[in-house]
Amino acid sequence: IVIGDGMFMNNDAAAEDIATLRGLENPVKTLFVAYGGGINPVGMTRFNQLAVAGSCPGGDSTHPDCEPVIEAATPVELKTQLTSKIRQILAEKLSFTAPSITATVQEGGSLYQAQFSYEQFGEWQGTILRKKLNSDNTVEHVTTQPNEHGNWNAATEVRGQASGAGAGDTRNIWSAIPDADYIGNWDNFNVANSDAIIELFGTLEYSVLDYHNPTSYCATQNHVTKYIGESGHEDDAKGLINFIKGTDYFDYDGDCNVTERRNHVLGDIYHSQLVEIGPPDSSTDFTSTNQESYFRSVYNYQSFRKNNMARTKVIYAGSNAGMLHAINAVTGREEWAFVPPFIAGILPSIINTDLDGGVDVTYTTEGEKKAKGGTNAIFGVDGSPVVHDVYMAGYDAAGNIETTKKWRTILMAPYGRGGAGFSVLDVTNPVEPIHMYSIFNDSINNKVLVAGSDGDIAEHPYSTGSASIGDSLEAKQATANYND
């Protein structure tokens, strides 16, 4: 990848050398980035010459393998464009021959399977299956509705809850967004709050690219349905929000209807393990005062357990669609999906303008182009949730700080390969969760980002070094307890 302003010297000789690299037995493709804005016309001519030499077989500028010059006027655009292009290159080389499956067995004879299938130029498709596990260890595999076993397919249920753009749906997708409170409906991740969400998209210095515009594929082809997007990113930011909710904004099916519901909505659950939370069931039996069960007994965990005996059972799983999903364990329907504020900051990187009309390209006998759109696959909420009942002060149902301690069910959702961060939620009431805080470690820019309960983000200096855990107050107290 060559980045510059185009005012190269000896560009004719360079073009010959680059073409030679492309023609090797193990060919090297060369891509060019016009960076900085205001590129001189002579510079753009040289860029185009070298781009053809570096990527077009036989120097044929009309060949489908040609890579046009990438243009980026700002550092944010440069980061976004290069990230998008690198992910596209990886997708071109990556393949899976079979779906990946992980399984979790729960009390009561439920077998939960998280499964995904690979999509080369789109969001990988995921699902969670609930199957009945019989006492003789046989499994009832039927998940179509209705069935007598209580089985379900979460991908089917979630798609049924989604809708096309502008239509009402029954998905509750939320995040901690300043000036767009989620408490009360848990559904603030929508185009009505697009201004606030666009600010969130820029948190990690990615920009929303202009995918649909008057010169894009769906605006220039003779389709039954045409979509002429606006110049600029605002309509694409709203399109990205709708895509997260389940709309086919990036035209996966090639019909240029970018407001319809996607054929598959639930993203892939890859490294994230499934966690089921139901009524509290931790023990209060103890044989030593140093055991956690003693602590529970002293602080009346028994009442917490009794008061939540009827708590809804929920399956929690992170997906690379950028969400932590809460799936009702009985029905398979999505109770809600949480977009961590810092994962929202990487969602713009799924947009790849080179895939606009660039997937599954064919031509009719009359020479008319037929193609689909696509996106980059990313890692989102890729870590496994961790859950524990904790005796602590927190937030009440309205999101206000409480000063008294009580028992709460706390869930930590690490991002895994989605980034060096995590979010902490209070899921004591599984249908009315509370965002407590989120943290993202930005080692490249030497800062740590902390999102408070309401989504306000503060920056803290990033420092490296080491410390002894034994010097912490917690460790000293644990040592004292042990010695006593």
Side-chain angles (χ1 to χ4, degrees), residues 1-94 120-121 204-217 220 229 231-233 236 250 346 348-359 361 369 371 373-378 444:
I1 298 176
V2 179
I3 304 172
D5 62 2
M7 299 307 290
F8 305 110
M9 301 296 290
N10 302 316
N11 51 291
D12 289 335
E16 292 181 8
D17 292 340
I18 290 169
T20 300
L21 287 174
R22 182 178 40 73
L24 295 175
E25 181 179 355
N26 294 310
V28 177
K29 180 181 284 189
T30 306
L31 308 181
F32 287 86
V33 181
Y35 175 57
I39 301 295
N40 186 294
V42 174
M44 281 305 302
T45 299
R46 292 176 179 174
F47 263 129
N48 290 326
Q49 174 195 8
L50 293 172
V52 170
S55 65
C56 302
D60 178 5
S61 61
T62 64
H63 195 280
D65 287 345
C66 282
E67 296 280 358
V69 176
I70 300 170
E71 298 184 47
T74 67
V76 172
E77 287 184 10
L78 179 64
K79 176 181 178 180
T80 304
Q81 292 274 20
L82 287 182
T83 300
S84 178
K85 178 54 64 177
I86 291 169
R87 284 184 170 144
Q88 179 185 344
I89 292 169
L90 291 175
E92 289 171 349
K93 303 299 181 184
L94 186 63
Q120 187 174 33
F121 296 118
L204 300 182
E205 299 179 354
Y206 287 103
S207 61
V208 175
L209 300 178
D210 189 6
Y211 190 91
H212 286 296
N213 56 62
T215 62
S216 61
Y217 176 74
T220 57
S231 295
H233 74 276
D236 297 289
F250 300 104
I346 68 171
S349 67
I350 76 169
I351 301 176
N352 186 338
T353 54
D354 287 348
L355 298 179
D356 170 38
V359 178
V361 178
K369 181 180 179 180
T375 58
N376 295 319
I378 65 169
I444 295 176

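Since we're looking at a predicted model, the values are computed, not measured.
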inquiry  = Taking Gly232's backbone N and O only, do any of them form a donor-acceptor pair with Asn213's side chain (distance below 3.5 Å, no angle check)?
reply    = no
message = Measuring from atom CG of Leu209 to atom OG of Ser349, what distance do you get when rounded to the nearest 0.5 angstrom?
response = 9.5 Å
ask   = So, do Ile18 and Val2 sit near enough that their side-chain heavy atoms are less than 4.5 Å apart?
value = no
note = Minimal heavy-atom distance between Lys79 and Leu204, with the atoms involved, is NZ-O, 2.6 Å
task = Mark yes or no for whether Tyr217, through its side chain, and Ala371, through its backbone, hold a donor-acceptor pair below 3.5 Å.
result = yes
ask   = Do the side chains of Pro348 and Ser207 get nearer than 4.5 Å, heavy atoms only?
value = no
query = Looking at side-chain heavy atoms only, is the closest gap between Val33 and Leu82 below 4.5 Å?
reply = yes
inquiry  = Can you give me the closest heavy-atom contact between Gly4 and Phe47, atom names plus distance?
reply    = O-CZ, 3.2 Å
key: Reported CG-to-CZ distance for the pair Asn11 and Arg46, which is rounded to 0.5 angstrom   = 5.0 Å
message = Among residues at least two apart in sequence or on other chains, which ones pass salt bridge (charged side-chain N to carboxylate O under 4.0 Å, His left out) with Asp210?
response = none
task = Look at the aromatic rings of Phe250 and Tyr211 and report parallel, tilted or perpendicular, splitting at 30° and 60°.
result = perpendicular
ask   = Any chance CD1 of Ile444 has more than 12 other-residue heavy atoms, nucleotides or ligands included, within less than 6.0 Å?
value = no
Partner of Ser84 under side-chain hydrogen bond (donor to acceptor under 3.5 Å, both in side chains), chosen from Asp354, Thr375, Asn376, Thr353 = Asn376
request  = With rounding to the nearest 0.5 Å, note down the distance linking CD1 in Ile86 to CG in Asn352.
outcome  = 11.5 Å
query = Between the main-chain N or O of Thr30 and the side-chain N or O of Arg22, is there a donor-acceptor pair closer than 3.5 Å?
reply = no
inquiry  = Donor-acceptor pair, distance only, cut-off 3.5 Å: does the side chain of Lys85 make one with the backbone of Ile1?
reply    = no
key: Reported CD1-to-CD distance for the pair Ile351 and Gln81, which is rounded to 0.5 angstrom   = 10.5 Å
